[in-house]
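Protein chains get the first letters and strands the later ones, always in sequence-line order, with residue 1 at the start of each.
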Amino acid sequence: MSATIEVRELSRWYGEIVGLSNASLEVAPGVTGLLGPNGAGKSTLVRILTGTIKPSRGAVRILGQPVWGNPELFRRIGYCPESDAVYEGLSASDFLRGMLALSGVRGGEARRRAAHVLEEVGLDPELRKPMGAFSKGMRQRAKLAQALLLDPEVLLLDEPLNGMDPVGRQQTIDKIVAWGRSGRTVLVSSHILHEVEAMTHQVALLHRGKVLAHGDVHEIRDLIQERAHVVRLRCENPHHLASRLIEIRDVAGVRFTADPHGLVIETSSAESFFGQLTALGADPALGIEEVLPLDDDLQSVFEYLVH
Amino acid sequence: MTEAWAAARLEPGAVLRAARFEWRLAWQRRRLRLPTALGLLPVAVALVGLLLQRTGVVVVQGSDVLSQIVGTLFLQFLVVLLPLVHGTALVAQEAEARTLVYLLVRPLSRGSLLVGKFLGSWLATGLQLVIALVATAALLLGAEAFSSPGEWAGRIALLGLSLVLGSLAYGALFTLVGLVFSRPAFVGLFLAFGWETAIPFLPGWIRHLTVRYHLASVLSAGLLPPGLLSAIDPPTPLVGLAWMLGGAVVALAGAVLLFARRDYP
């Protein structure tokens with residue numbers, strides 16, 4: 001699938017501080033997580049993508065067009081910033097209608113669209129309370145709503161779950177997944193790995209201004225060959241299984257766990273190991289009940305890449 | 001450079017959209033507090049004058065009090081201070097509140113956005129000044145104004161127009177100040193009550209670099225009591241008007257170019 005967001009050798013310095021260093025990235029339709037700890041360069045990248053700051057070097061294209069000095073492109077891009085700032089004196093509906101008016105949409109059409117996106121993010125379109133009196137979660141929803149106003153093809157969401165309660169988080173995650181499935185390109189910046197993991201396996205990992213890796217998190221994990229894969233197994237007879245496992249060439253170690261039916265193995269080649277494990281699984285005497293990779297989650301991959 | 005020009009370009013429709021948006025914001029309750037307080041100042045002074053007049057403490061015509069209030073409170077204070085508040089805050093306040101980003105990611109150029117915001121803010125400032133002027137005049141002139149409505153209506157209209165023109169020139173200047181300086185309020189106060197107070201009275205070309213010198217020319221046609229601005233020795237109204245409009249355009253163009261190139265993280 002062709003990339004809708006193209007980042008080429010992008011660098012941004014703030015005086016002597018490096019915000020982003022020679023970052024290259026391609027993002028295709030669907031949800032992509034932009035991950036990294038605070039200060040990794042996520043917000044710098046998103047701000048360059050939204051044209052609010054300029055790169056020191058390199059180029060960015062969204063939907064095949066340059067971003068800076070190209071305001072018409074923002075009919076096709078929605079952006080939810082990280083900060084929870086809103087126009088405190090305006091109601092959510094007035095705020096959205098103001099944003100629509102700036103985009104040239106007024107009157108009944110503006111009212112209809114504002115009501116539609118407010119419902120989409122779970123806010124009452126009739127709510128007249130000024131946003132200054134909103135909870136953090138409600139502000140977050142209003143911010144998300146303004147990003148959706150023009151039904152954009154590309155959504156750039158900077159820490160969109162900040163301040164939301166658990167129910168709100170889950171609802172928003174579901175929405176983001178749905179937006180991605182509908183063909184939109186959704187780039188979600190976050191420093192909370194498990195939240196991103198709930199949305200997508202497509203990630204770009206940033207650290208100290210550099211793109212460490214991007215792609216499917218499982219494929220990235222497989223590429224980290226110097227770290228053994230760790231897999232937990234649960235079976236009827238772990239001692240018998242252990243004796244069979246150590247015969248496999250790719251198994252580097254086996255250890256028993258506190259669970260009397262559990263054991264953990266380390267393998268240098270996950271693909272080969274799982275191939276042979278399938279054969280063992282057919283043996284009813286071993287009674288393998290559960291196979292759980294322990295370190296191909298985002299957290300492990302990220303830690304392996306950073307340390 | 002091409003990108004900066006592209007960002008600075010003006011599109012009339014987009015300017016109008018931004019102006020409408022800023023106009024609406026200007027009438028929000030929290031943004032109205034300061035203009036209301038400042039606008040009530042001449043009204044309060046007028047009330048005191050009226051009270052003194054009615055109680056016979058002083059014998060003075062309402063029109064004389066109005067002239068004094070216009071010459072001092074409006075022309076030396078409000079017409080400078082209101083544009084200072086609005087102009088320096090036009091971008092800085094939204095950048096500080098982090099709401100500017102919502103405007104920067106809309107389909108309108110930065111040039112259109114700034115000029116539109118300026119126009120919306122200027123019209124609101126101008127109207128706030130005119131409302132304060134009319135309220136003050138209505139209190140002080142009362143029956144006198146009704147006895148010769150044509151004359152006073154004309155004078156008030158001209159005064160109002162002068163205030164609106166003055167707020168245009170000051171507003172553009174302070175919008176530029178707001179984009180050049182990190183602490184624009186301090187620089188604005190220096191310009192408003194230092195530079196603008198002293199320089200118009202100096203001989204030579206330097207007085208052309210003030211708004212008040214040119215504003216005095218527009219007001220010189222019998223709108224104010226003799227002596228109030230006579231020390232300024234203003235140019236003809238046409239010259240004064242040309243300088244004010246030209247200065248506003250130059251200041252605003254400078255502000256647009258700065259705004260179009262700047263990062264707003």
A.B. asks: Assess whether atom NE2 of A:His116 is packed by more than 12 heavy atoms of other residues, nucleotides or ligands within 6.0 Å.
C.D. replies: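 Open: at most 12 neighbouring heavy atoms sit under 6.0 Å from NE2 of A:His116.
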A.B. asks: Which atoms of B:Arg98 are under 4.5 Å from chain A, going by heavy atoms: the side chain, the backbone, both sets, or neither?
C.D. replies: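 Both parts, backbone and side chain.
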A.B. asks: Do you know the tightest heavy-atom contact between A:Ala85 and B:Tyr102?
C.D. replies: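 Nearest heavy atoms, A:Ala85 then B:Tyr102: O-OH, 2.6 Å.
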A.B. asks: Tell me the closest heavy-atom pair linking B:Asp263 and A:Arg12, and the distance in Å.
C.D. replies: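 So the two residues come closest at OD2-NH1, 2.5 Å.
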A.B. asks: Between atom CG of A:Leu90 and atom CG of B:Leu25, what is the distance when rounded to the nearest 0.5 Å?
C.D. replies: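 A:Leu90 atom CG to B:Leu25 atom CG measures 6.0 Å (nearest 0.5 Å).
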A.B. asks: For B:Leu16, is it the side chain, the backbone, both or neither that has a heavy atom under 4.5 Å from a heavy atom of chain A?
C.D. replies: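 Contact with chain A involves no heavy atom of B:Leu16 at all.
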A.B. asks: Does any backbone or side-chain atom of A:Arg106 lie under 4.5 Å from a heavy atom of chain B? Answer side chain, backbone, both or neither.
C.D. replies: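 For A:Arg106, side-chain heavy atoms alone lie under 4.5 Å from chain B.
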A.B. asks: Search all heavy atoms of B:Val105 against all heavy atoms of A:Phe74 and return the closest pair with its distance.
C.D. replies: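 It is O-CB, 3.3 Å.
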A.B. asks: With a 4.5 Å cut-off on side-chain heavy atoms, are A:Met99 and B:Phe21 touching?
C.D. replies: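 Touching, per the 4.5 Å side-chain cut-off.
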A.B. asks: Looking only at heavy atoms, which two atoms of A:Glu72 and B:Pro107 are closest? And how far apart?
C.D. replies: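 Answer, listing the atom of A:Glu72 first, then B:Pro107: OE2-O, 3.8 Å.
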A.B. asks: Side chain, backbone, both or neither: which part of B:Arg24 has a non-hydrogen atom closer than 4.5 Å to chain A?
C.D. replies: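 Only the side chain of B:Arg24 comes within 4.5 Å of chain A.
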A.B. asks: Verify the neighbour count for atom CZ of A:Arg128: are there more than 12 heavy atoms of other residues, nucleotides or ligands below 6.0 Å?
C.D. replies: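 Count over threshold, so yes.
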A.B. asks: B:Arg262 and A:Trp68: which non-hydrogen atoms are nearest, and at how many Å?
C.D. replies: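 Taking every non-hydrogen atom into account, O-CH2, 4.0 Å.
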A.B. asks: Heavy-atom distance under 4.5 Å between the side chains of A:Gln146 and B:Arg106, does that happen here?
C.D. replies: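 SC-SC contact between A:Gln146 and B:Arg106 confirmed.
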A.B. asks: I'd like to verify something: which residue of A:Gly78, A:Ser103, A:Ser83, A:Gly132 has the highest number of heavy-atom pairs under 4.5 Å with chain B?
C.D. replies: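 Going by pairs under 4.5 Å, I would pick A:Ser103.
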A.B. asks: At a heavy-atom separation under 4.5 Å, does A:Tyr14 approach chain B through its side chain, its backbone, both, or neither?
C.D. replies: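 Neither part.
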A.B. asks: How many angstroms lie between CG in B:Leu103 and CG in A:Leu102, if you round to the nearest 0.5 Å?
C.D. replies: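 If I round to the nearest 0.5 Å, the distance is 6.0 Å.
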A.B. asks: Rounded to the nearest 0.5 Å, what separates atom CZ in B:Arg30 from atom OH in A:Tyr87?
C.D. replies: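 If we round to the nearest 0.5 Å, B:Arg30:CZ and A:Tyr87:OH are 13.0 Å apart.
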A.B. asks: Around A:Glu9, counting heavy atoms of other residues, nucleotides and ligands shown, do more than 12 lie under 6.0 Å from its CD?
C.D. replies: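 Incorrect, the count does not exceed 12.
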A.B. asks: Can you tell which part of B:Ala18 gets under 4.5 Å to a heavy atom of chain A, answering side chain, backbone, both or neither?
C.D. replies: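 Interface part for B:Ala18: both.
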